[in-house]
Amino acid sequence: MKKRMKQVTALFCAAVMCLSLAACGGNKDSKGSGKTSQSKNRTDLNLLITDAFSTIDPHNLSLNSDITMSRQIYEPLYWFDDEGKEIPMLATEYTVSDDQLAWTFKLREGVTFHNGDSLKASDVVYSFERCMASAYMQSYTENIDKVTAPDDSTVVIALSAPCAPLLSNISSIGILNEKYAKENLDDQGLLGFNECGTGAYMYKESTPDVKVVMEAFPEYWDGEPAIKKITYNQINDTTTALTAFKSGEIDVATIPATDADEIVGSGQYSTKELQTNHMTYLIFNSQVEPFNNKLLRQAVAYAVDRQSIIDMAMGGAAVPATTLATPYMFGYTEDHTSYDYDPEKAKKLLAEAGYPDGLDLGPVKTLSGSEFEKVLQAVQSQLAEVGITCTVEGMEGNALVNDCITGNFTLADMGQTMSADYDFLKTYYNEEYIDGLNMARYTDPAITKLFQEGIATTDKDARLKIYKELEELAQEACVYVPIYNLINTYAWNKDLNYTPSVFGVLVKNFSWK
């Protein structure tokens, strides 16, 4: 239970941070005007982080700032782009046994750690074993039985059961130097800002609550990057961050919805609007009254006007969502049962559920002072229109998570950055994730069976068919009400070669024109 709670708290914290302003940046010109006259010949980049940073330990991360920075230092065996294309990183090829239980990876030659040691298979084994012991990495490693190294350039991952999305899962596992790690672990087995990865950048220095500085690794296996120095500057206030971007102190920024039209319309920057993999949703506690009643859950779903919520809470910067799956997720389909806004149908189902005169839900829970609180306030108003009243109770993040995973609520809202594979959604429905991400506390043997079939099926078309069937059962159960996917508007200095990414950017791919 303690390990599960730690994992869910970490996931929730990371999800909440996704709603913060996330940005990357650079030096201002001599006049501080935001013009690009000083961009030529630059090799530095000032990046912005908007939440506190605490570690770059690749196997014990929760905050987006820490994940973003660690990604530049530590590399996985394989990486995936936004289109789902496999990109070899520390491994160049792999094979899978006929029974799907053994994945064999060949390591890239000529890879050097930041301390000068060559990458060996034993480093990969150590890194995976460390992940398997970390609550933060549980969802990525739970199907792994053991990892072995037949020789210095070969790694074999043995599974307890077939796992079709294994490659996607392990793309989140950074590889560190075993010898260095063992010599630098603290009393809790953590590395903090001690690092020894294979990535394009090395940690140099940090000032708590102010900045982290990295510099290019000259011996990087893919060639020393064009950007030689990165400074991550912590700016918590979104207005201050936007001002820094407009003055030229920052080269790339995620623009708040209220300012997007101005920035895009100015013509001074390169811009792109990008739908994210972040989902905001309502959660019903399906084990207690009144939401152990499916008809009542469906009534609430029909009473929700998603576009109105988006306009009020997010300034229009989101896309209505009718399923927990996102367009970036393998297994997503637009062809699914949905609960479109229909207050009359909501009233009809409310009566069929046994509440012809409506009902009072009492307190419903949310994250105090956040966009989530605005969402639930809008839902409160919409439910009142069909005869359902409630009071919105804003809570501190850890207290909210604790109440939700222990079942101390009836209705709440939350957000999560979703994985790239539908299998991730088992954490929302399977029994073993109750007291975890299955905050709805819902189980259905048919859903569990389909998740088991899906992860064990390697044929992509067959998997899609399984997830289509699973989706219909999940939608019918209606224990979550998806509200929206975030849309981010990115803007950056026109002299910077930069491409926004849903699953995270690698600074090594940036350069000045």
Side-chain angles (χ1 to χ4, degrees), residues 1-18 51-71 74 76 124-147 157 159-161 163 165-166 168-176 178 181-182 184-195 283 396-408 414-421 423-441 451 455 504:
M1 170 68 179
K2 184 176 181 181
K3 182 176 180 180
R4 180 83 62 183
M5 182 179 293
K6 183 179 179 183
Q7 177 200 21
V8 176
T9 303
L11 286 168
F12 176 74
C13 288
V16 171
M17 291 305 114
C18 282
D51 51 291
F53 53 87
S54 60
T55 183
I56 48 177
D57 185 331
H59 309 146
N60 293 279
L61 300 165
S62 61
L63 297 177
N64 273 359
S65 59
D66 297 340
I67 294 170
T68 297
M69 292 188 294
S70 182
R71 183 180 287 125
Y74 294 101
V124 178
V125 172
Y126 174 79
S127 297
F128 270 77
E129 289 178 344
R130 193 165 183 260
C131 283
M132 292 164 69
S134 170
Y136 294 95
M137 307 300 289
Q138 181 182 1
S139 62
Y140 304 119
T141 63
E142 60 186 355
N143 288 89
I144 298 176
D145 183 30
K146 63 180 179 178
V147 184
I157 299 177
L159 304 179
S160 56
C163 179
L166 178 71
S168 174
N169 290 347
I170 67 173
S171 68
S172 296
I173 297 178
I175 306 304
L176 52 77
E178 177 183 13
K182 289 180 176 179
N184 288 276
L185 295 174
D186 65 18
D187 292 341
Q188 295 180 308
L190 304 176
L191 284 169
F193 282 89
N194 294 312
E195 70 88 358
I283 313 166
E396 182 269 334
N398 287 331
L400 174 65
V401 171
N402 182 70
D403 277 2
C404 286
I405 68 176
T406 58
N408 185 29
M414 202 165 286
Q416 174 67 45
T417 298
M418 296 299 180
S419 175
D421 195 281
D423 179 69
F424 177 75
L425 294 183
K426 69 186 176 188
T427 61
Y428 282 73
Y429 292 99
N430 284 6
E431 183 176 6
E432 65 266 31
Y433 294 97
I434 291 176
D435 295 331
L437 274 180
N438 185 356
M439 298 179 187
R441 310 182 76 79
F451 271 121
I455 196 172

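Only heavy atoms go into these numbers, but all of them, side chains included; no hydrogens, no water, no symmetry mates.
- Remark: the Ser54 side chain and the Asp66 side chain contain an N/O donor-acceptor pair separated by less than 3.5 Å.
- Between the side chain of Asp421 and the backbone N or O of Pro165 there is no donor-acceptor pair closer than 3.5 Å.
- Without hydrogens or angle criteria, Gln416 side chain to Met418 main chain gives no donor-acceptor distance under 3.5 Å.
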| message | Could you walk me through whether Phe424 and Thr427 satisfy the side-chain contact (heavy atoms from CB on, under 4.5 Å) test, starting with their C-alpha distance in whole Å, then the side-chain angles of each, then the deciding distance to 0.1 Å, before giving a yes or no? | response | CA-CA 6 Å; Phe424 177 75; Thr427 61; 4.2 Å; yes
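- Between Glu195 and Tyr74 there is a side-chain heavy-atom pair separated by less than 4.5 Å.
- From Glu142, atom CD reaches atom CE of Met132 across 11.0 Å, with rounding to the nearest 0.5 Å.
- Counting only heavy atoms from C-beta outward, the side chains of Ile157 and Leu159 approach each other to under 4.5 Å.
- In this structure the side chain of Glu432 never reaches within 4.5 angstrom of the side chain of Ile434, judged on heavy atoms.
- With contacts defined as side-chain heavy-atom distances shorter than 4.5 Å, the pair Thr55/Asn60 does not qualify.
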| field | Full working for side-chain contact (heavy atoms from CB on, under 4.5 Å) between Phe451 and Leu425 | value | CA-CA 9 Å; Phe451 271 121; Leu425 294 183; 4.0 Å; yes
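- Here the closest non-hydrogen pair linking Tyr126 and Leu176 is CE2-CD1, 3.4 Å.
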| task | Show the numbers, then the answer: is there a salt bridge (charged side-chain N to carboxylate O under 4.0 Å, His left out) between Arg441 and Glu431? | result | CA-CA 8 Å; Arg441 310 182 76 79; Glu431 183 176 6; over 6 Å; no
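- Asn430 places no side-chain N or O within donor-acceptor distance of the main-chain N or O of Tyr433, the cut-off being under 3.5 Å.
- Proximity of a side-chain donor or acceptor of Ser127 to a complementary backbone N or O of Ile175 within less than 3.5 Å is not detected.
- In this structure, the side chains of Cys163 and Asn169 come closer than 4.5 Å at one or more pairs of heavy atoms.
- Of the inter-residue distances, the one linking Tyr140 atom OH with Ser168 atom OG reads 8.5 Å to the nearest 0.5 angstrom.
- With hydrogens and angles ignored, the 3.5 Å screen pairs a side-chain donor or acceptor of Ser134 with a backbone N or O of His59.
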| request: Assess whether side-chain contact (heavy atoms from CB on, under 4.5 Å) is satisfied between Tyr428 and Ile283, documenting all intermediate values. | output: CA-CA 10 Å; Tyr428 282 73; Ile283 313 166; over 6 Å; no
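- Under a 4.0 Å N-O distance rule, the pair Arg130/Asp57 qualifies as a salt bridge.
- Annotation: side chain of Met439 is in contact with side chain of Met414 (closest heavy-atom distance under 4.5 Å).
- Going from atom CG of Asn398 over to atom CG of Asp403 covers 11.5 Å, rounded to the nearest 0.5 Å.
- Proximity of Leu166 to Ile144: side-chain heavy atoms (C-beta onward) are separated by under 4.5 Å at one or more points.
- Between Leu61 and Ile56, every side-chain heavy-atom pair lies at or beyond the 4.5 Å cut-off.
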| task | Walk me through it: do Ile455 and Lys426 pass the test side-chain contact (heavy atoms from CB on, under 4.5 Å)? | result | CA-CA 10 Å; Ile455 196 172; Lys426 69 186 176 188; 3.7 Å; yes
